[in-house]
Amino acid sequence: MKYVLVAINLPVKNLFRQFIYGLPDSMGQAGEGWRVVVPFGPQKVEGFIVRDFDREEALALLQKENPGFSIDKMKEVTAVLGTRPWFSEEMMGTAKWLAGYYMCSLAEAMRLFIPGKTSIRRKPVYQEGRLIAYEIEERLKARTVVAYTITEMGKAALAEGSRRAKAQMQALEVLLHATEPLDRKEAEAQHISGAVLQTLAEKGWALRTEKRLLRNSYDRQAERKETLQLTEEQAQAVAAIKASLDYFPAGKPAEEETDEPGAAVFGGDAGKQKTETTCEKTRPQEFLLQGITGSGKTEVYLRAADHALRQGKQVLVLVPEIALTAQIVQRFQAWFGQEVAVAHSKLSQNERGDVWYKMRTGEANVLIGVRSAVFAPFKNLGLVMVDEEQETSYKQEERPAYHAREVARYRCKNSGAVLVLGSATPSLESYFRAVSGRIGHLQLKRRPGSSFLPAVDVVDMREELAQKNYSVISRKLRRELIATVHADQQAIVLLNRRGYSTFVMCRDCGETLTCPHCAVSLVFHADEQAMRCHYCGNTYPIPETCPHCGSRRIKFFGSGTQKAEQEIGQMPGIQVLRMDQDSTATKMAHEEIIRRFSRKEANVLLGTQMVAKGHDIPDVTLVGILAADSTLNMPDFRASERGFSLLTQAAGRAGRGDKPGRVVLQTYDPENEIITLAARQDYETFAGHELAMRKELLYPPYGEILKVTVVDKEEKKAWELADEMARFLRSRYEAEHWERTEIMGPFPSGVAKVRDLYRINIVVKSQAMEQVKACLLASRYRTVKNVFFDVDPIMAI
DNA sequence: AGCACGCCGACT
DNA sequence: GTCGGCGTGCTC
């Protein structure tokens, strides 16, 4: 009998240990990377084998970890799931690294790789109407499709022909030319009914099989659509990526890679890795593809993917949000057809399982997906491209708080895949890596063809107030909007605030109306005639009197998309479509709104940041940006970066066809440097200034950040634990002399209370983060509840 | 996650 | 006196 070390798949923070089980000889094929069912306490749960060993090794480990425990009391693995290991060596390595780096248990890291939370389900067993037991069943049933191939008899029948059975002859004809068994769906696409196939099978003319075979169908050169001539810059970028793809053999770690992928086996570890991605001067394994808006990054992606596929490698394309990137999916499908699989959060567990299966077997070879797609199993991953790599949606906010770009980087490093990070406004971390020569830097500074960057007008809204214009829309933008629709062109207006009025204040006592469960202002939503909390989602009636002092002099302040919609809708000749979280949830999906807009059912598209991203509508010649400063004034170190990116992206929507575009940018702070730089689309200057500031303040990329959040429904308890942890960290800092480290806080989180839970933060900035993490993981705080570790947080407040 | 164990308030 | 609240700890 063998013995195995099993990580228990339970979403529990404090289950850092793994457990030893006997593996009956009948299950001898199982080993590291296999999924199993094990008895755990009184229940049966799913687990992952992370190591296997013989009796002596098992004894030795048991002796070390738990001397009081007899090996004879050891339980045995109940069942083995699947017919091969779920985790490849590379996936295991990535999971171990992730657990250490993001400070979660190995099981928590490993379960990210499973499509769905667990792959088993507990089925109740009844006897005479009484529940007597639970049975474990596999959730993901291997799904096979009935498919048909032509037989010799069928060929003969086809050669002979038939005057009566026209449909059958047609079906035989199709089967004859098919390169693989044809299933019902594929047949129906070619106007052959399932009934006919059935008849063929009965006659012995076709063979009924179950389809579950691998294929390598990427040899349909005729379908390639190289309609566009690449620009010089694009061609250079493609050539550089191709050269790296030629150099790096997929499936193997890069040559210079020497360090072990972490030793987080018995009890996790503290993220020991910190190695730069291999960067050979001429053939880096990682690139930043920095291209201004409209410069054609997708063209580069497509050709790089094409090259990888020709080498028999698989391609992963990460996108920030699938709904906003329908265009990328369409372009890839036009090029690569059936090779493309798509993974997004709305897939069912089974659909997701199917997509994972396709990638693992090589039935599909391009995966386009959001954050979680980075955990898909691959047969032979050779190229990963992260589109809009600066987007914050790549960071998971819940535990484990991983960043998909970093996971992609680790997977690439360990599998010899090439990584391409694409952006018009890269994260400063990636930009820094590129300009300092750690990774390749590919730049697209020009838009192809006759398209130019739009001209930007900055409007000072204080001047509007002085001129007694109290509208959200400046006089200039109003004129431009009317002129644009008059010329039969379209406009996009960005206002990054949902609702109608953004806060309600009492004129007598100055109190603003806040959510009773969260520490934020309530927003008035005109469509529901209610006050809504944007954090917990609760709605409340519109107050007639101030809940604080009873005064009736209550006033609505601030403008959101609903108010702007009303104002713009009243302008002559304008039909406005609103796109924000509310309109996409209740009425139509993003795609439907974009589709209606591009069909010109409306001439103004108004909305939150989702109007700024990923789509390309040729008749848009005007972009209006209202309250350009609203995102810049957040008290967070990344606020400038996010603001600059949003302004640049929004401005980049204008003039993407052959008509020149213009942008009207409204602000109360026209001298703001970020606004003026965004108006000029001057990323380099922005990045230079921002990097200098970050260096000064020890923010990334110069220092790493760890945010520790203590959560409790009792404010006092949260403070007590946070104070204690801060004291602990400071004393360890004194004792261990960590390299350049600052410990800030504890202080209340940016939103100090959400759903009645108080949130207190401690933020550590450090150039010795590995030691800081190790210190915390060795302490009792690793498993204490109500404490959340966020490594490389998006916000440090 | 489940489930057992254990230590303080309102009840037949 | 006891039932049961849910905080704490354990699962090979």
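Letters A, B, ... mirror the listed sequences (proteins, then strands); counts begin at 1.
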Can you classify the ring geometry of A:Trp97 versus A:Tyr410 as parallel (below 30°), tilted (30 to 60°) or perpendicular (above 60°)?
parallel
Please determine if A:Asp636 and A:Arg642 form a salt bridge, counting it only when a charged side-chain N lies under 4.0 Å from a carboxylate O.
yes
May I ask you to say what A:Asn14 touches in the nucleic acid, namely base, sugar-phosphate or nothing, with a heavy-atom cut-off under 4.0 Å?
nothing
Using a heavy-atom cut-off of under 4.0 Å over every strand shown, decide if A:Ile8 touches base, sugar-phosphate, or nothing.
nothing
May I ask you to evaluate whether A:Lys75 reaches the phosphate of C:dC12, defined as a side-chain N or O under 4.0 Å from OP1 or OP2?
yes
Any base atoms under 4.0 Å from A:Leu15, or only sugar-phosphate, or nothing? Heavy atoms, all strands.
base
When rounded to whole Å, the NZ to C1' distance for the pair A:Lys44 and B:dA1 reads 16 Å
Please report the distance, rounded to the nearest Å, between CZ in A:Arg399 and P in B:dA1.
8 Å
Testing the 3.5 Å rule here: is there a donor-acceptor pair between the side chains of A:Glu388 and A:Gln390?
yes
A:Phe40 ring over C:dC12 six-membered base ring, under 5.5 Å and 30°:
no
Atom CZ of A:Phe16 and atom P of C:dT11: how far apart are they, to the nearest Å?
17 Å
Proximal nucleotide (of C:dC12, B:dC3, B:dA1) relative to the A:Pro42 side chain:
B:dC3
How close or far is atom C1' of C:dC10 from atom CG of A:Asn66, stated in whole angstroms?
11 Å
Can you tell me how far P of C:dC10 sits from CD of A:Glu65, to the nearest Å?
15 Å
Distance in angstrom units between A:Leu10 CG and B:dC3 P, rounded
12 Å
Which residues share a salt bridge (charged side-chain N to carboxylate O under 4.0 Å, His left out) with A:Glu724, sequence neighbours left out:
A:Arg780
Could you please name the option among B:dC3, C:dC12, B:dA1 that lies closest to any side-chain atom of A:Phe69?
C:dC12
Euclidean distance, atom CG of residue A:Asn786 to atom P of C:dG7 [Å, nearest integer]:
11 Å
Are A:Lys75 and A:Phe40 in a cation-pi contact, defined as NZ or CZ under 6.0 Å from the six-membered ring centre and within 45° of the axis?
no
Could you state the NZ-P distance from A:Lys785 to C:dG9, rounded to the nearest angstrom?
9 Å
If the cut-off is 4.0 Å, is A:Arg17 near the phosphate of C:dC12, judged by side-chain N/O to OP1 or OP2?
no
